[in-house]
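Quick note: residue numbers are just sequence positions, from 1.
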Amino acid sequence: MPQPKPYLSIVRYCEALLEQHGDSHLGVGWRTQEIANTGFRVMLDLIRTPDAKVSLLDFGCGLSHLYEYIRARGFDHITYAGLDLSPRFLEVSRRKFPEITYYDFDVLEEPDRLPVFDYIIIHGLFTARIDIPYPDMFDYVSSVLRVLFPKARTGLAFTMMSKYVDWERDDLFHVPFDELARFLTQHLTRNFVIRHDYGLYEYTTYLYKDARFS
């Protein structure tokens, strides 16, 4: 019997946003374009060798707005690829960027299908849990990170909602620093950086294979 996939509720939620708002920052859940651009900038700060040619996977790529940000700023050293579980999002992304490689499989079911990249970015996927209970969401995030970190040659970045906010929303995934740090240290790496310095109600974590970059 197939195992339940509670994380598909995130896919359905995002597809409803796309249906309502189309190809825009609202269509992937960002309140303003400025907030989206801030997140893209912080995500790309993961790359500590800005002049070197690197490959990058945008995990949960949505409408490929990160790629649009990369192109608009002339970051020609970044070779971009995307992965998403939503056929609707991938249809839009492939129509816009037919030259880009996109993946459409579940890495929790077929981890061996995913090649290795220099960097992997997970922007926004871990911020909303919709109706997923907190323990189940943490298990999902942990499972994804266990699969993806070995696929990152140099580093991986992801966002979560901060606990240091005016109030917490029940549909968002607010994770304490110490709980995340405990998991990372015990299961993935001690080489990580937690950033809470860019004015949003979230934080970004960089994981590195080499302590020189953390």
### Task
Mind running ring pair (Phe, Tyr, Trp, His ring centres under 6.0 Å) on Tyr206 and Phe192 for me, showing each step along the way?
CA-CA 5 Å; Tyr206 304 147; Phe192 61 86; over 10 Å; no
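- Annotation: side chain of Leu85 is not in contact with side chain of Tyr103 (no heavy-atom distance under 4.5 Å).
- For the side chain to side chain contact (heavy atoms under 4.5 Å, CB included) with Leu207, the qualifying choice from Val193, Leu148, Leu184, Asn191 is Leu184, the only one to do so.
- Within a 6.0 Å radius of CD in Glu19, no more than 12 heavy atoms belonging to other residues, nucleotides or ligands are found.
- With rounding to the nearest 0.5 angstrom, the CD1 atom of Ile35 is 11.0 Å from the OH atom of Tyr198.
- Atom CD of Glu99 is separated from atom CZ of Phe97 by 7.0 Å, given to the nearest 0.5 angstrom.
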### Task
Let me see the working for Phe177 and Tyr164 under ring pair (Phe, Tyr, Trp, His ring centres under 6.0 Å), right down to the final yes or no.
CA-CA 10 Å; Phe177 296 154; Tyr164 297 97; 5.6 Å; yes
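- With a 4.5 Å cut-off on side-chain heavy atoms, Ile120 and Leu56 do not count as touching.
- Under the 30°/60° scheme for interplanar angles, the aromatic rings of Phe126 and Phe158 are found to stand perpendicular.
- Looking at heavy atoms from C-beta onward, Tyr7 lies in side-chain contact with Leu108 at the 4.5 angstrom threshold.
- Geometrically, Arg129 does not engage Phe173 in a cation-pi contact defined by less than 6.0 Å to the ring centre and at most 45° from the axis.
- Note on Ile132: it clusters hydrophobically with Leu17, by side-chain heavy-atom contacts below 4.5 Å among ILVMFWY residues.
- Heavy atoms from other residues, nucleotides or ligands lying under 6.0 Å from CG of Asp170 number 12 at most.
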### Query
What do the steps show when you test His65 against Phe40 for ring pair (Phe, Tyr, Trp, His ring centres under 6.0 Å), and what is the final call?
CA-CA 9 Å; His65 291 164; Phe40 297 149; 7.2 Å; no
### Message
Run the side chain to side chain contact (heavy atoms under 4.5 Å, CB included) test on Arg71 and Tyr80 for me, step by step, so that the C-alpha distance in whole Å, both residues' side-chain angles and the decisive distance to 0.1 Å come before the verdict.
### Response
CA-CA 10 Å; Arg71 289 198 348 165; Tyr80 175 96; over 6 Å; no
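- Shown here for Val175 and Tyr203, the closest heavy-atom pair between the two residues is O-OH, 2.9 Å.
- Aromatic rings of Phe59 and Phe117 (six-membered ring for Trp) have centroids beyond the 6.0 Å cut-off, not under it.
- Nearest heavy-atom pair across Leu90 and Cys61 is CD2-SG, 4.1 Å.
- A single hydrophobic cluster is not seen to contain both Val116 and Leu46; linkage of ILVMFWY side chains at heavy-atom distances under 4.5 Å, directly or through other members, places them apart.
- Looking at every heavy atom in both residues, Val54 comes nearest to Asp118 through CA-OD2, 3.3 Å.
- With values rounded to the nearest 0.5 angstrom, Gln20 atom CD is found 14.0 Å from Glu15 atom CD.
- Rounded to the nearest 0.5 angstrom, Ser24 OG and Leu63 CG are separated by 8.0 Å.
- Hydrophobic clustering, with ILVMFWY side chains joined whenever heavy atoms are under 4.5 angstrom apart, groups Val11 together with Tyr140.
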### Task
Kindly determine whether Asp76 and Lys53 satisfy salt bridge (charged side-chain N to carboxylate O under 4.0 Å, His left out), including the steps that lead there.
CA-CA 8 Å; Asp76 297 332; Lys53 294 281 188 181; over 6 Å; no
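- Side-chain N or O atoms of Thr49 include none that pairs as donor or acceptor with a backbone N or O of Ala52 at under 3.5 Å.
- A salt bridge links Asp104 with Arg94; the closest basic N to acidic carboxylate O contact falls under 4.0 Å.
- Closest non-hydrogen pair, Leu156 versus Leu145, comes out as CD2-CD2, 3.8 Å.
- In this structure, Phe183 and Phe138 have perpendicular ring planes: the angle between them is above 60°, well past the 30° mark.
- Judged purely by atom type and a 3.5 angstrom limit, Ser93 uses its side chain to pair as donor or acceptor with the backbone of Gly62.
- The neighbour count for Phe149 CZ, taken as heavy atoms of other residues, nucleotides or ligands under 6.0 Å away, is above 12.
- Between the side chains of His174 and Ser162, no donor-acceptor pair is found at a separation under 3.5 Å.
- Of the inter-residue distances, the one linking Arg31 atom CZ with His25 atom NE2 reads 9.5 Å to the nearest 0.5 angstrom.
- The side-chain heavy atoms of Glu34 and Asn37, taken from C-beta on, include no pair separated by under 4.5 Å.
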### Query
Taking it one step at a time, do Asp171 and Asp131 satisfy side chain to side chain contact (heavy atoms under 4.5 Å, CB included)?
CA-CA 6 Å; Asp171 61 332; Asp131 56 356; over 6 Å; no
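- Heavy atoms only, all atoms of each residue included: Pro111 and Val147 are closest at CB-CG1, 3.8 Å.
- In summary, Lys96 and Glu91 do not engage in a salt bridge, as defined by a charged side-chain N under 4.0 Å from a carboxylate O.
- Considering only heavy atoms from C-beta on, Leu66 comes within 4.5 Å of Leu44 through its side chain.
- The shortest side-chain heavy-atom distance between Thr205 and Thr159 does not fall under the 4.5 Å cut-off.
- Looking only at side-chain heavy atoms (C-beta outward), Tyr201 and Asp166 come within less than 4.5 Å of each other.
- Between Tyr102 and Leu83 there is no side-chain heavy-atom pair separated by less than 4.5 Å.
- Defined by atom type and a distance below 3.5 Å, a donor-acceptor pair is present between the side-chain atoms of Tyr208 and Arg48.
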### Message
Between Tyr67 and Ile100, is the side chain to side chain contact (heavy atoms under 4.5 Å, CB included) condition met? List the steps.
### Response
CA-CA 10 Å; Tyr67 181 58; Ile100 294 298; 3.6 Å; yes
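- Placement of Ile194 and Leu172 in two distinct hydrophobic clusters is found when ILVMFWY residues are connected by side-chain heavy-atom separations under 4.5 Å, directly or transitively.
- When atom types are taken as modelled, the side chain of Ser9 and the backbone of Pro6 share a donor-acceptor pair closer than 3.5 angstrom.
- Between the CD1 atom of Ile47 and the OH atom of Tyr119 there is a distance of 6.0 Å, given to the nearest 0.5 Å.
- No path of Ile, Leu, Val, Met, Phe, Trp and Tyr side chains, each step under 4.5 Å between heavy atoms, connects Leu26 with Ile130, placing them in separate hydrophobic clusters.
- Using modelled atom types, one side-chain atom of Lys151 and one backbone atom of Leu114 make a donor-acceptor pair closer than 3.5 Å.
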### Task
Show your working on side chain to side chain contact (heavy atoms under 4.5 Å, CB included) between Glu202 and Met160 and close with a plain yes or no.
CA-CA 6 Å; Glu202 64 180 39; Met160 290 175 163; over 6 Å; no
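- Scanning both residues, Lys209 and Arg153, for their nearest heavy atoms gives CG-O, 3.5 Å.
- Between Trp30 and His123, the ring centre distance stays below 6.0 Å.
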